[in-house]
Amino acid sequence: MRIATFNINGVKARAQTLQSWLREDAPDVAVLQEIKSTDGAFPRDLVEDEGYTLHTHGQKGFNGVAFAAKIPLEDITRGLPGDDADEQARYIEATAIGEAGAVRICGLYLPNGNPAPGPKYDYKLAWMERLETRARAMLAEETPFLMTGDFNVIPQDEDAAAPAKWHDDALARPETRAAWRRLCNLGLTEAFRTRHPGQPGHYSFWDYQAGAWDRNDGIRIDHFLLSPWVADRMTDCTIQTEMRGREKPSDHVPVWLDLDL
DNA sequence: ATGGTTGGCGCCCAA
């Protein structure tokens, strides 16, 4: 089973990119963030014409997450538990059925949190606590699962080309990294860093501004966290860097997880 | 310290 996470930064602006990517790279499940579209306004044809089934959790203008899958997905749920007043569309879950078993896939667009400190940062930290609570629940019931998406977290300095300029940013502040470590320390495996230990220079996001891509001034913020059963079945995790150099790119690139499943 | 760019919306916000 090949799963890819991709923050597309607007489905209307990325329609052709998304369709040709599905056709050529053909993930079994594509986990999408920042569709920036309501469910009704999503151009479904571009996904369905490639043989994919689409499940969206959309919102007008901002946020929005989705699955596009060519294998069966069951029991889709929308929204992160823990705050009934939260109206932001940032979380979706589904169970993917593989040949050797099922895995619960949690697709997420974690809040950016800037400016920090402030109410947006408080929302980010509260959201991370809710995510930890959700992970604890699935571990307790021994549901094999993975969490993937745009975490808006730079886990360590080696995950940024210029780490110092991020130290006061919501993506790398000490409280953010502490919340990230609490999540990992439940017993989850961070797929990319486990497959590529100690290797700097691997990023998944480059700002549109100030020629960040041309200078390779990137950060690694799109991740996979795996429960133990899923981690045992990982065969690879890679970043599709070349996508950032194409015409009209997203500011993020896809990250791929290969499972023997 | 500032400004640089993109997307979606609607005369500015989020990233």
Side-chain angles (χ1 to χ4, degrees), chain A residues 5-21 30-44 46-47 56-66 80 86-91 107-128 131 148-155 159-173 175-177 179-180 203-223 240-255:
Chain A
T5 180
F6 191 8
N7 180 323
I8 60 175
N9 190 20
V11 70
K12 297 174 193 75
R14 220 66 60 211
Q16 289 316 305
T17 303
L18 176 60
Q19 183 162 13
S20 57
W21 177 71
V31 184
L32 307 175
Q33 302 89 38
E34 280 206 271
I35 64 174
K36 294 186 174 181
S37 164
T38 59
D39 298 334
F42 194 107
R44 308 187 71 91
L46 70 86
V47 171
T56 58
H57 181 38
Q59 178 179 353
K60 187 177 175 66
F62 305 101
N63 305 325
V65 290
L80 180 63
D86 185 0
E87 293 183 345
Q88 299 194 31
R90 296 179 173 276
Y91 190 81
L108 63 95
Y109 175 44
L110 205 147
N112 176 295
N114 282 304
K120 290 189 173 184
Y121 192 54
D122 295 340
Y123 174 65
K124 176 180 193 151
L125 294 178
W127 207 95
M128 293 182 80
L131 189 64
T148 188
D150 177 359
F151 279 73
N152 270 314
V153 173
I154 303 167
D159 299 310
K165 75 177 183 186
W166 296 98
H167 283 167
D168 292 327
D169 190 280
L171 277 62
R173 289 173 69 89
E175 304 96 311
T176 305
R177 287 182 166 171
W180 166 264
Y203 312 123
S204 65
F205 168 93
W206 297 258
D207 202 296
Y208 288 126
Q209 302 183 75
W213 167 248
D214 296 325
R215 298 185 291 108
N216 194 26
D217 183 9
I219 52 178
R220 195 174 68 87
I221 58 176
D222 299 271
H223 307 299
Q240 195 176 358
T241 309
E242 56 88 11
M243 289 283 289
R244 189 62 176 80
R246 296 194 192 180
E247 284 294 303
K248 245 176 103 61
S250 171
D251 40 6
H252 296 250
V253 297
V255 183

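Per chain, numbering begins at 1; letters A, B, ... match sequence-line order.
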task = Only counting residues at least two apart or in another chain, list the ones meeting side chain to side chain contact (heavy atoms under 4.5 Å, CB included) with A/Gln209.
result = A/Asp207
query = Under the side chain to side chain contact (heavy atoms under 4.5 Å, CB included) test, which residues partner A/Lys12, sequence neighbours left out?
reply =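 With neighbours one apart ignored, the set is A/Ser37.
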Whole-Å distance separating the [atom1] atom of [X] from the [atom2] atom of [N]:
| X | N | atom1 | atom2 | value |
| --- | --- | --- | --- | --- |
| A/Leu110 | B/dA15 | CG | P | 11 Å |
| A/Glu34 | B/dA14 | CD | P | 13 Å |
| A/Asn7 | B/dA15 | CG | C1' | 10 Å |
| A/Asn114 | B/dA14 | CG | C1' | 11 Å |
| A/Asp222 | B/dA15 | CG | C1' | 13 Å |
| A/Gln59 | B/dG7 | CD | C1' | 15 Å |
| A/Leu171 | B/dA14 | CG | C1' | 13 Å |
| A/Lys12 | B/dT6 | NZ | P | 19 Å |

task = Pick base, sugar-phosphate or nothing for A/Arg90, based on heavy-atom distances below 4.0 Å to the nucleic acid.
result = sugar-phosphate
[atom1] gap between [N] and [M], integer Å:
| N | M | atom1 | result |
| --- | --- | --- | --- |
| B/dA14 | B/dG10 | P | 13 Å |
| B/dC13 | B/dC9 | C1' | 9 Å |
| B/dA1 | B/dC11 | C1' | 29 Å |

ask   = If you measure only the distance, is there a donor-acceptor pair under 3.5 Å linking the side chains of A/Gln88 and A/Asn63?
value = yes
Produce the list of close N/O pairs, under 3.5 Å, pairing protein atoms with atoms of nucleotides 11-13 of chain B; give distances to one decimal.
none

key: A/Asn152 or A/Asp207, whichever maps to the more 5' nucleotide of DNA chain B   = A/Asp207
inquiry  = Assuming nearest nucleotide by heavy-atom distance, tell me which of A/Lys60 and A/Phe205 is located more 5' along DNA chain B.
reply    = A/Lys60
Considering only side-chain heavy atoms of [X], which listed nucleotide, [options], is closest?
| X | options | answer |
| --- | --- | --- |
| A/Lys36 | B/dT5, B/dG8, B/dG3 | B/dG8 |
| A/Arg14 | B/dA15, B/dG8, B/dG7 | B/dG7 |
| A/Tyr208 | B/dT5, B/dG3, B/dG8 | B/dT5 |

message = Does anything in residues 244-253 of chain A form a salt bridge (charged side-chain N to carboxylate O under 4.0 Å, His left out)? List the pairs, not counting sequence neighbours.
response = A/Glu242-A/Arg246
note = Residues pairing under salt bridge (charged side-chain N to carboxylate O under 4.0 Å, His left out) where one sits in residues 113-127 of chain A, two or more places apart or in two chains, turn out to be none
task = State which residue, out of A/Asp214, A/Ile219, A/Asp217, A/Val253, fulfils the side-chain contact (heavy atoms from CB on, under 4.5 Å) condition with A/Trp206.
result = A/Val253
task = Using the test salt bridge (Lys or Arg N to Asp or Glu O under 4.0 Å), find all partners of A/Arg177 that sit at least two apart in sequence or belong to another chain.
result =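 With sequence neighbours excluded, A/Arg177 shows a salt bridge (Lys or Arg N to Asp or Glu O under 4.0 Å) to A/Asp157, given in chain and number order.
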